[in-house]
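Below, chains carry the letters A, B, ... as their sequence lines are ordered, and counting in each starts from 1. None of the values given here were measured: they were computed from a predicted structure. Values below: every heavy atom of this structure, side chains too, minus hydrogens, waters and symmetry copies.
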Amino acid sequence: MATRTDFGPPDYREMLPPVIKANYGKWLYHERPQPGVLKHVAESGDALYTVRVGSERLLSTDKVRELCDLAEKYCGGYLRFTSRHNIEFLVSDANLLAPLLGELKARGLPVGGTGHSITNIVHTQGWVHCHTPATDASGVVKAVMDELFDYFGTMDLPAYCRISLACCLNMCGAVHCSDIAILGIHRKPPQINHDIVKAKCEIPNVIAACPTGAIRPDPARKSLTVNEDRCMYCGNCYTMCPGMPVADSAGDGVSIWVGGKVSNTRGGPAFSRLVIPYLPNTPPRWPETVAAVKNIVEVWAKHARKHERMGEWIERIGWERFFELSGIPFAEQLIDDFTTAPETYRTTAAFKW
Amino acid sequence: MATRTDFGPPDYREMLPPVIKANYGKWLYHERPQPGVLKHVAESGDALYTVRVGSERLLSTDKVRELCDLAEKYCGGYLRFTSRHNIEFLVSDANLLAPLLGELKARGLPVGGTGHSITNIVHTQGWVHCHTPATDASGVVKAVMDELFDYFGTMDLPAYCRISLACCLNMCGAVHCSDIAILGIHRKPPQINHDIVKAKCEIPNVIAACPTGAIRPDPARKSLTVNEDRCMYCGNCYTMCPGMPVADSAGDGVSIWVGGKVSNTRGGPAFSRLVIPYLPNTPPRWPETVAAVKNIVEVWAKHARKHERMGEWIERIGWERFFELSGIPFAEQLIDDFTTAPETYRTTAAFKW
Amino acid sequence: MADEMKTPLLDDLEKGRWPSFVTDLKQAAAKKASAKDLMGQLEKSYVDRIGHWKHGGIVGVKGYGGGVIGRYTDMPGDFPGVEHFHTIRVNQPSGWFYNTKALRELCEVWDKHGSGLTNFHGATGDIILLGTTTDHLQPCFDDLANIGFDLGGSGSALRTPSACVGPARCEWACFDSLDVCHTITNAFQSQLHRPMFPYKFKIKISGCSNDCVAAIARSDMSIIGTWKGNIRINQDEVRACAQGGMNIQAEVVDLCPTHCMGWDGTTLTLDDRECNRCMHCINLMPKALRQGVERGASILVGGKAPIVHGALLGWVAVPFIKLEPPYDELLEFINKVFDWWDENGKMRERLGELINRQGMGKFLKAMGLKPAPQMIKRPRANPYYFWREGVN
Amino acid sequence: MADEMKTPLLDDLEKGRWPSFVTDLKQAAAKKASAKDLMGQLEKSYVDRIGHWKHGGIVGVKGYGGGVIGRYTDMPGDFPGVEHFHTIRVNQPSGWFYNTKALRELCEVWDKHGSGLTNFHGATGDIILLGTTTDHLQPCFDDLANIGFDLGGSGSALRTPSACVGPARCEWACFDSLDVCHTITNAFQSQLHRPMFPYKFKIKISGCSNDCVAAIARSDMSIIGTWKGNIRINQDEVRACAQGGMNIQAEVVDLCPTHCMGWDGTTLTLDDRECNRCMHCINLMPKALRQGVERGASILVGGKAPIVHGALLGWVAVPFIKLEPPYDELLEFINKVFDWWDENGKMRERLGELINRQGMGKFLKAMGLKPAPQMIKRPRANPYYFWREGVN
Ligand code: SRM
Ligand code: SRM
Ligand code: SRM
Ligand code: SRM
Ligand code: SF4
Ligand code: SF4
Ligand code: SF4
Ligand code: SF4
Ligand code: SF4
Ligand code: SF4
Ligand code: SF4
Ligand code: SF4
């Protein structure tokens, strides 16, 4: 029997609770009765309570079943996950809201992540499953969220603050547009294994993969050479070719980026910008990274106006002021020297002391 | 006798009228008593009246002597020129101001160019002296200034409006940061004369001169070939090599750019942006160009807020609105496709209909 | 088994108030040797400060060219359980909604064939089944097919599209994001399952410009809801907001990027002609303000992460498109994009990079789209433009 | 002679109220055959809609490698008077100030040796003597030297520096722009007169950030005046402005880019710490507001027109430098820049392009400058940075 293929994902309609089916596309407004709880009211008058629960994302089947138990008990057997990997319980019976919240509390499942909170950190595989990481993902996220935990369950920040993590420059966590991004970086050029290169790699593709043109053919060896002066350790050659590993126990670590944003509100989408070029990998709790993120959140929370995202605040006060207020030293690496550099230069004599 | 060399320009101190020598560096404030007249008051209480006179820049020695006559009659024999090629009479005796203005009027020498006026058009050589122009300079300037003349002698515009002209992409007029720029453009690839290329040109330098990499060596002929698909007629190869002329009677013409600025005030310096990719060369009065410039000035004058330069106004209302208000059709060439293109794309879903 | 293994570093991460992935690892490790060895290897990584996976290899299931990420430990002697430890990408239902029956079935399949570890969800949106052996891939897929779950994308293919919660639970969905996601996913099954593109292609779908799936930052094609016509204002509700403590002037009017609003203490005025539909005011007063009635989407193209030539945000290609079933215009547009990219793209060149290399003009022409100022922030500043045949 | 020549197209440009260059051409043509043939050729260009000059050749005077632009007609048969028609670039006095004696002497020299046509001034700032023959070049220069006028720059050399009117007539000059211009010009005479750089190098000097010589847009090095410390406010004069009809709130406070001002109808407040010294408020109220007392300049580098890689605006290299005679620190900095550029620049590579190619970090290091946030608008968005030796 030929395997059945191309049948596509399950129909989402089968996954919707009755209250949603009934009011699909007819929601009128929402409120946030308390942190972690949304109330959506439909034209029909129906109300749906959503309870958002923080998630470690890396779930065991046991944990998934625990969530199913809860969904069956309180939500008619329906639940969803969010685009930031949180769990959402969909409560149509208002009377079940308080009991659900109580049980979540009892089980240590944190409720929050709505509105002006710090919600889940979008992240990636790290040492758990990927072959190119410069840092771990789940461990750093756990350490940071433990420290920022109070911000998850409250909504008192000036605005949204989205934190993301990616364990290498591939940026699977799409950290490049986050209020705060934690990015794993390598700091040593690839250690070429010529035998592997020769046996397994398509030389022209590896050369084309290098953003800075650091790779040249080495025809004598049927391999490659790397101009180490031009290499900025992105690891893209390794993606293309197992003979060019870049990971290094001592060199690898974490960088911190701030001020990115995705939504089109006010100033619109923006890239995150490098503010700390390197912090060491210090498992299990990455205290330097945790402290850096916490400091940035706190400085922003203290100085920003209401509804001002990280980047909007910094663009208002100026980056020179951000470095002063945050106490982060201004490192040379922060000055762009890639092809996009001219956009970032101060092309005006107007700046602050 | 060896020629005397490297003695440098005349000492500016010899060129300063007594009132300036006496109050050098001690000016306190200025006023604009009327269009074209500045009054500078020094800490000493001394006042200096400057009368600014529009200039064609291309002056005959006779005209220079006429200016000297006036300077001797009213200004103790001193005058200056401005960074935009206007003439400034420096009147220290307030009683001579009115007579000077009278005589200027009688001679048809226009007074103006101060404050929120349209001052002289910075421009270049054009067909008068250069070898690479795509249009004339002095003629276009004369035609445009005749039409905008009333704006020179009044100060009722919302803000400064600096107009500049350059006759080719070398942009000697530094038009790239003007409120309105008139730029000569070619529209045909170079017509290669292989004999000249072979005899006179350094092949690698010509190749390096091409911004789009359109030029390749033609070793057989000891000459060059141009990939016409990649050529955008900048003429830089011709600058390097007489065998590659780009000028063309039918193809050449004028483009219009808006929204640039130099001063660091408010939004700071900015590049001008292309809005009309081509208008024909129609000597002696370039009516299409004159009409286009006038239209832009008038639309801006009508809609901008006080102190809002062309570019500041457009950035506030959005370029989509500028095209609507000005009635200028949006041409494909306006969309950047050079290396700077990504900066110019609309990377947000927020735009106006 | 479990008692031999010491993982003091990981154990430390069971402390603290945020849910711990280490707890999940331990739950799985209690049942599965592979999960246990995963923990062991991870502890080793924590000690060594480096990963212990080899460069991935290509593995898969019959008929598909993707959907599985091959993975092998570099310490098979120490951790034989993860000698093979491939992940399976399972296509999530639109909007990540589930009934518990479906979830429980998934768990069963995964307990049978894999480590018992998952990601809900991967960054692209798939359900990630984390770790199985090569010989289990086909049986696992067969069991998944039985419960109605198909694989997602990997490699140089269309990747699993994803959509925000949309009309299912959000008043701002300007079109049916779930249905569009489902329709696209089904329409392009072959492109999803059989890598034959120059590189990966991602589509993300947000019902409004709040962009809750971060489409603009990380998809080659973002479909983002928007509207035409006036924002509907309920002045009573505006006043209620003011009474409730909102500073309408400071929080709403002053932060409107187009400065098209006014507030005199009783009435909110809005010059809709100048509004750029950024959503800020509506976000702040969901009861008082509603989007215009003529709804549809903008399509942005070219978004992606930094590899190779730097990150790109998506940019406006289609300012407005109506999105109603059967979505023919949309599907046709996607097809055209695929064709043009497929034909012109170099190996590993994302759509945005190709457009940058060739110029947006060529892309627009190929798509039959008319250049419009809405597509750019501002016109070009350099004089390097063309008058070649075909250019207007 | 004059009566044979018909120039109907040029004649049309004698009409209208703006001064006509055609009148000047005719004045010169009445005296000089070269000027007459220039007119004739120009009329021909107006008919043909194309220039009639050949590609320039290299001509000059003894001891100098520049200062003259060679020019030859492509119609020597029709216009023999412009068979050679070179221009001489004469270094203007700082600030373009003249006494009439000097001007009259110049006119005499030019009537003797050239066409009698000039530009006051060229776009770089030189006096342009427009059109002479090769054999007149040296005698003309000798006569110029006699009256104290030296040549300006051309070719791959330092170009004639220029400065705004500055302290001579402007209350906002934060340093002596005329003196700095004069000092630099004299200090680098050899670099000005003997092309030996990779390409041209322009220096422009503005006494304050209004930048009245457009330095930031068109000079490889812009020296732009600025200050530290508080803007001095005369509240009476502020009120006088208000009484005079100025809307202080709308025109001044609301347009301040850093929003650091306040106005309550009687008192203007200003948080100088947040002021970026853009000059807007001072420009509007010159009697009421004065710059801070500690004055100096910022040095920006890299500005240029679009050829080859696109136009660049100057960017901040030295946020603050004191500028007082003998300006040693400044001259030393310029020397360092020359050396580094000379050593590293490719042929026809302007300073800004070299910095872009090598990275600002390398430039700063070579200059011994400490990286500061004032040098950038914002930090990098791409993760492509180095940890090589020498990088901090
Ligand atoms: C559930 C979720 C969509 C989904 O399909 O899963 C969602 C749901 C809602 N979003 Fe969102 N957003 C969700 C991810 C996002 C993202 C994507 C991301 O963070 O990766 C964004 C873009 C973030 C960015 O700009 O970097 C996002 C930007 C917004 C905004 C714009 C905020 C701003 O001013 O920039 C709003 C409007 C608001 O809340 O004022 C919004 C508003 C909402 C509303 C109020 C929409 C509604 O009427 O139901 C929902 C509840 C918000 C809340 O958390 O209080 N949602 N929202 C996502 C929850 C993620 C989580 O678990 O925390
Ligand atoms: C004479 C001159 C300097 C020189 O050394 O020759 C000069 C002189 C003055 N400028 Fe200027 N500027 C002169 C070219 C410029 C330029 C350069 C240019 O146009 O190429 C600029 C930059 C223009 C730009 O941004 O594109 C320039 C931008 C300013 C500004 C800033 C205006 C703004 O808001 O953007 C001021 C301030 C003001 O007037 O409010 C200013 C102010 C002044 C003051 C008031 C300074 C003073 O206190 O004396 C002078 C009289 C201004 C007037 O015309 O009303 N000056 N000024 C130049 C006259 C040119 C002409 O003939 O028209
Ligand atoms: C599993 C996942 C991370 C996660 O933990 O969630 C992931 C994991 C990998 N990504 Fe990714 N990417 C994942 C979402 C992303 C995203 C985010 C998104 O899709 O929204 C991005 C950024 C958006 C984008 O594509 O621009 C992303 C950008 C990359 C890149 C850089 C591509 C680029 O053009 O810039 C690579 C490198 C490559 O493809 O060669 C990459 C490559 C990889 C590889 C296949 C490693 C490699 O070099 O071959 C990783 C396999 C890890 C493993 O062993 O399991 N991954 N990757 C995400 C997919 C899960 C899913 O299907 O739901
Ligand atoms: C005379 C003058 C125009 C004018 O009418 O005022 C001029 C005329 C020429 N410029 Fe220029 N440039 C003149 C100021 C400028 C300026 C403005 C400035 O200096 O402030 C610029 C833009 C600023 C800049 O340098 O970035 C300028 C940017 C160019 C360029 C492009 C250089 C670049 O790097 O982008 C070229 C092409 C080249 O050098 O190969 C060029 C080349 C030329 C040549 C020599 C033609 C050539 O291709 O060799 C022109 C000779 C014309 C002639 O026959 O007389 N000229 N040129 C200006 C010099 C007069 C003076 O000394 O005072
Ligand atoms: S960010 Fe890099 S290391 Fe992390 S999962 Fe993606 S490809 Fe792997
Ligand atoms: S790590 Fe990146 S920069 Fe270095 S050689 Fe490899 S591809 Fe090039
Ligand atoms: S802009 Fe071009 S044509 Fe005009 S003077 Fe300069 S180099 Fe010559
Ligand atoms: S005109 Fe410009 S683009 Fe065309 S070949 Fe010459 S240098 Fe290249
Ligand atoms: S993107 Fe818009 S429609 Fe979709 S969930 Fe977010 S707010 Fe609602
Ligand atoms: S949607 Fe945005 S632009 Fe439109 S009125 Fe509201 S805040 Fe202003
Ligand atoms: S640049 Fe400043 S100091 Fe110089 S003239 Fe202009 S306003 Fe005065
Ligand atoms: S100089 Fe500019 S930034 Fe400073 S207070 Fe005045 S307007 Fe504001």
Separation between CE (C:Met360) and OG1 (B:Thr344), nearest 0.5 Å, reads 6.5 Å
When the 4.5 angstrom heavy-atom criterion is applied to B:Thr340 and chain C, the contacting part is side chain
Min side-chain heavy-atom separation C:Pro371-B:Leu334 under 4.5 Å: no
Given C:Cys278, C:Ser209, C:Gly314, C:Gly302, the one with more heavy-atom pairs under 4.5 angstrom with chain B than any other is C:Gly314
| Checking C:Arg380 side chain against B:Ile335 main chain: does a donor-acceptor pair fall under 3.5 Å? | yes
So, the part of B:Leu274 with a heavy atom under 4.5 Å from chain C: the answer is both
Bottom line for C:Ala372: the part with an atom under 4.5 Å from chain B's heavy atoms is backbone
Turns out that what part of C:Leu364 lies under 4.5 Å from chain B's heavy atoms comes down to side chain
Whatever's closer than 4.5 Å to a heavy atom in chain C on B:Pro277 counts as both
Comparing C:Gly359, C:Pro319, C:Cys275, C:Gly361 against chain B, the one with the most heavy-atom pairs below 4.5 Å turns out to be C:Pro319
For this session: Test the C:Arg378-B:Phe271 pair against the cation-pi criterion, namely NZ or CZ under 6.0 angstrom from the six-membered ring centroid and within 45° of the ring axis.
Result: no
Got C:Tyr385 and B:Ile185 here, is their nearest side-chain heavy-atom distance under 4.5 Å?
-> yes
Q.
Is any side-chain heavy atom of C:Pro373 closer than 4.5 Å to one of B:Glu324?
A. no
Just checking C:Lys228: does its NZ atom have more than 12 heavy atoms from other residues, nucleotides or ligands closer to it than 6.0 angstrom?
yes
(message) Quick check: do C:Lys370 and B:Glu332 have side-chain heavy atoms less than 4.5 Å from each other?
(response) no
In terms of heavy-atom contacts, C:Leu312 and B:Pro342 come closest through CD2-CB, 4.2 Å
Turns out that what part of B:Phe323 lies under 4.5 Å from chain C's heavy atoms comes down to side chain
For B:Cys201, the disulfide bond (SG atoms under 2.5 Å apart) test, sequence neighbours excluded, returns B:Cys241
Counting heavy-atom pairs under 4.5 angstrom with chain C, the leader among B:Glu315, B:Lys188, B:Glu228, B:Met171 is B:Glu315
Highest number of heavy-atom pairs under 4.5 Å with chain C among B:Thr212, B:Asp229, B:Leu183 belongs to B:Asp229
- Go through the side-chain N and O atoms of B:Lys352 and C:Thr258 and say whether any donor and acceptor fall under 3.5 Å apart. no
One option among B:Tyr278, B:Phe338, B:Trp353 has the most heavy-atom pairs under 4.5 Å with chain C, and it is B:Trp353
Practice problem: Please tell me if the side chains of B:Tyr233 and C:Tyr384 come closer than 4.5 Å, counting only heavy atoms from C-beta onward. | Solution: no
Exercise for review: Return yes if some donor-acceptor pair links the side-chain N/O of B:Gln333 with the main-chain N/O of C:Trp387 below 3.5 Å, else return no.
Suggested key: no
The interface call for B:Arg230 against chain C, heavy-atom contacts under 4.5 Å, is backbone
More than 12 non-hydrogen atoms from neighbouring residues, nucleotides or ligands closer than 6.0 Å to CD on C:Glu329, yes or no? no
Residues B:Ala349 and C:Ile216: closest non-hydrogen pair is N-CD1, 4.4 Å
- Task: Before accepting this row, confirm whether a basic side-chain N of the pair C:Lys362/B:Asp337 lies closer than 4.0 Å to the acidic partner's carboxylate O.
- Result: no
Rounded to the nearest 0.5 Å, the OG1 atom of B:Thr348 sits from the CG atom of C:Leu313 at a distance of 9.0 Å
message = Is it true that, when you exclude C:Arg232 itself, more than 12 heavy atoms of the residues, nucleotides or ligands shown sit nearer than 6.0 Å to its CZ?
response = yes
Applying a strict 4.5 Å limit to non-hydrogen atoms, the region of B:Trp257 in contact with chain C is side chain
Answer key: most heavy-atom pairs under 4.5 Å with chain B among C:Glu274, C:Met279, C:Arg357 is C:Glu274
With a 4.0 Å cut-off, would you call B:Glu343 and C:Lys377 a salt bridge?
no
side-chain contact (heavy atoms from CB on, under 4.5 Å) filter on B:Val246, not counting sequence neighbours, yields B:His186, B:Pro190
_Is it the case that the side chain of B:Arg346 and the backbone of C:Ile376 share a donor-acceptor pair, with hydrogens and angles ignored and the cut-off at 3.5 Å?_
yes
task = Taking the side chain as every heavy atom from C-beta outward, state whether B:Phe351 and C:Thr226 have any pair of such atoms under 4.5 Å apart.
result = no
In this structure, CE of C:Met375 is separated from OH of B:Tyr345 (nearest 0.5 Å) by 11.5 Å
Subject >> B:Gln191 CD: over 12 foreign heavy atoms closer than 6.0 Å >> reply: no
